[in-house]
Amino acid sequence: MAIPPESGGRRSVIHDIGYSKYDGIRLGEGYTWRTLYELGVKHCYGLGRAAKYKVLPMLMLAIMLLPALIIVGVQVIVSLDEQVLPYSRYAVIMLFVISVFVAVQAPALISRDLRYRVLTLYLARPLRIDTYVYARLSALATGLFVLVGLPLLVLYVGSLLSGLSPGSETVDLLGALGGAAILAVMLAATATVIAATTTRRGFAIAAIITALLMSYSIVATVQGIADEQGATEVAGYAGLFSPFTLVDGIQVALFDTEASTSAGPPGALGGLVFVAFAVVIVAGCVLVSLWRYRKVAGR
Amino acid sequence: MPLWHGTIFPVSLIVTRGLTKTFPQVVALDSLTIDVDAGVTGLVGANGAGKSTLIKILLGLLPATAGTASVLDLDVTRQGTEIRSRVGYMPEHDCLPPDVSATELIVHLARISGLPPDAARERSADVLRHVGLAEERYRPIGGYSTGMRQRVKLAQAIVHDPELVFLDEPTNGLDPLGRDDMLALIRRIGTEFGIAVLVTSHLLGELERTSDNIVVIDAGRLLRASSTAEFTQATGSLTVEVLDPAGEANPRDRLGEALAARGLQVAPDGGVLRIEIEDEATYDVVRDQVAELGLGLVRLQQARHRIEDIFMVDAGTQGVAHGDPT
């Protein structure tokens with residue numbers, strides 16, 4: 001094996017300067033959490049990394065923003081007196097782009113440390129494994145929130161420019177941002193479980209994109225059939241089984257928005273079921289992720 | 001009960017008492033009782049002897065089945081987090097992400113160890129220079145040679161200036177030159193840097209030049225622990241080569257017989273004699289006898305026994321005696 005740069009000149013370099021001790025402060029777990037979290041958020045968009053890591057996430061962000069920019073352009077030119085597209089429906093319309101983003105970035109953020117066993121280096125430091133998992137999950141959720149939330153802000157600015165009522169627009173925007181936050185957490189949690197289970201990047205990408213898109217297609221199909229049969233309640237509850245329709249249903253229940261699917265959660269009970277189901281899914285995914293990492297850590 | 005505790009090391013950095021770890025299929029550590037002092041300590045054992053398991057327990061990452069252990073006077077079961085902020089660990093296996101540079105990785109890990117951003121950057125640059133990574137530290141690790149990877153692994157283990165560092169098989173996969181460099185670096189960490197080192201190897205010979213003390217474990221049990229000097233000097237021997245200026249035959253055998261008659265253990269070995277050193281007087285006896293026979297002394301050399309030799313003896317005899325847990 002060729003190890004050319006290791007001989008010769010290096011030795012003189014080593015002996016020139018002595019080793020110095022470190023007696024400065026050592027910060028606690030809050031700092032290490034923040035370090036991991038901040039780096040994770042940056043890496044979601046390839047920031048601080050080589051150009052090739054920026055291409056895909058930035059492209060996805062651009063595609064996410066494009067429709068919003070077009071809508072704003074039209075709004076301002078034509079001076080429409082109502083929204084072309086409600087904030088709350090943007091995520092469902094763009095779900096393919098969001099799915100690709102999470103499918104590519106979750107394995108990069110989550111399974112990389114497992115695959116290359118970098119986790120060992122984290123574990124040998126004063127950082128608990130749960131803290132590590134929460135930091136990674138939060139970073140992914142934050143990255144997703146930016147992806148889903150930024151176009152909403154663009155739409156909001158456009159609406160104000162075209163003279164729509166700031167009061168109702170702000171209320172709608174805040175509701176949609178709440179929905180975006182819930183969606184971000186939901187997608188981050190489910191993608192983390194999948195990425196933590198498989199260390200193969202390709203498998204993880206395929207598994208996440210399949211899970212997200214398939215679940216949505218199945219839900220849409222079932223809803224279509226149920227609607228045709230007049231079974232509105234079945235159509236409504238079918239929305240539980242895809243992260244996108246689940247969060248859309250929660251928005252309907254919590255912020256009284258218009259459903260993006262053919263049927264939202266049926267009544268107040270339906271809304272309650274949707275919220276409870278989302279809580280169970282997120283909590284379940286987080287617990288499974290923690291369990292998985294604790295198992296790896298215990299080896 | 002402690003086998004030799006308190007006799008050699010007054011204050012120990014690592015103390016284990018009856019430490020036992022059983023996995024469903026194997027007993028990894030079997031009532032292990034050791035004391036490790038400052039300086040460089042070699043932990044020697046065959047693959048699967050329990051070296052890595054011991055390190056993971058000492059880091060507080062793996063719970064022991066029975067027994068106790070403390071590192072820097074901190075209990076491994078209760079104070080694992082504090083231990084990990086004051087020690088460093090270089091794992092045996094590959095553990096580096098390919099897509100970041102050594103600098104990026106080491107700065108990040110320094111911060112994870114609690115160093116503020118500026119200090120993390122400064123110390124990373126220092127430490128990478130000390131382990132001998134120059135310009136290549138800005139390139140992605142994926143393109144590094146095994147030797148460079150080992151250096152990065154070593155750098156991350158000492159970047160936060162720990163009081164003690166665990167190095168698990170640091171010479172694994174290195175060629176002879178790379179191995180010598182690594183061992184010299186480890187020696188410097190233990191002396192110049194003032195960081196206590198526990199370094200493992202399955203190769204007995206390579207640690208004798210590097211370590212102050214050697215602990216030999218086999219099948220999770222303590223085989224032997226003492227200073228390296230004791231290990232290698234206890235059974236020293238002399239190599240003696242003579243010639244006869246008068247040209248008479250067999251000067252070697254004549255000297256051999258004379259020395260044997262004076263009570264020394266002598267054995268011919270090719271053209272030379274191998275003489276067991278009993279004490280300091282052995283040298284004088286040899287010198288006097290050579291002079292008495294009128295021979296010319298070509299070579300009088302102390303041949304240290306290698307750790308291997310002792311290990312063979314220990315494995316055959318002491319190992320069984322020590323192994324029985326009390």
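Chain identifiers are assigned alphabetically (A, B, ...) following the order of the sequence lines, protein sequences preceding nucleic acid strands; residue numbering begins at 1 within each chain.
- Environment of CG in B:Asp75: crowded, with over 12 heavy atoms of neighbouring residues, nucleotides or ligands closer than 6.0 Å.
- Checking A:Tyr19 against B:Asp161 by side-chain atom types alone, a donor-acceptor pair falls below 3.5 Å.
- In the displayed structure, A:Met58 atom CE is contacted under 6.0 Å by more than 12 heavy atoms of other residues, nucleotides or ligands.
- No donor-acceptor pair under 3.5 Å is formed between the side chain of B:Arg84 and the backbone N or O of A:Pro126.
- When the candidates B:Gly88, B:Pro140, B:Pro117 are compared by the number of heavy-atom contacts under 4.5 Å with chain A, B:Pro117 comes out ahead.
- In A:Arg49, the CZ atom is crowded: over 12 heavy atoms of neighbouring residues, nucleotides or ligands sit closer than 6.0 Å.
- Atoms CZ and OG1, on A:Arg128 and B:Thr81 in that order, are 7.0 Å from each other to the nearest 0.5 Å.
- Other residues, nucleotides and ligands contribute only 12 or fewer heavy atoms inside 6.0 Å of the NZ atom of A:Lys42.
- Between the side chain of A:Arg112 and the backbone N or O of B:Pro97, no donor-acceptor pair lies under 3.5 Å.
- Per-residue heavy-atom pair counts under 4.5 Å with chain B were compared for A:Leu119, A:Thr120, A:Ile129, A:Leu121, and the maximum is reached by A:Leu121.
- Both the backbone and the side chain of B:Ile112 have a heavy atom closer than 4.5 Å to some heavy atom of chain A.
- Residue B:Pro91 touches chain A through its side chain alone, counting heavy-atom pairs closer than 4.5 Å.
- Aromatic ring orientation, A:Tyr122 versus B:His108: perpendicular (interplanar angle above 60°, classes split at 30° and 60°).
- Heavy-atom distances place the side chain of B:Arg123, and not its backbone, under 4.5 Å from chain A.
- In this structure, chain A has a heavy atom under 4.5 Å from the side chain of B:His93, while its backbone stays farther away.
- B:Glu135 does not touch chain A: none of its heavy atoms, backbone or side chain, sits under 4.5 Å away.
- Heavy-atom neighbours of chain B within the stretch residues 25-37 of chain A, taken at a separation under 4.5 angstrom, comprise A:Ile25, A:Arg26, A:Leu27, A:Tyr31, A:Thr32, A:Thr35, A:Leu36.
- Note on B:Val100, B:Asp99, B:Leu61: by heavy-atom pairs under 4.5 Å with chain A, the leading option is B:Asp99.
- Under a cut-off of 6.0 angstrom, the local environment of NZ in A:Lys21 is crowded, with over 12 non-hydrogen atoms contributed by other residues, nucleotides or ligands.
- Atom CD of B:Glu122 has 12 or fewer heavy atoms from other residues, nucleotides or ligands within 6.0 Å.
- Separation of atoms CG (B:Leu96) and OH (A:Tyr116) is listed at 11.5 Å; rounding is to 0.5 Å.
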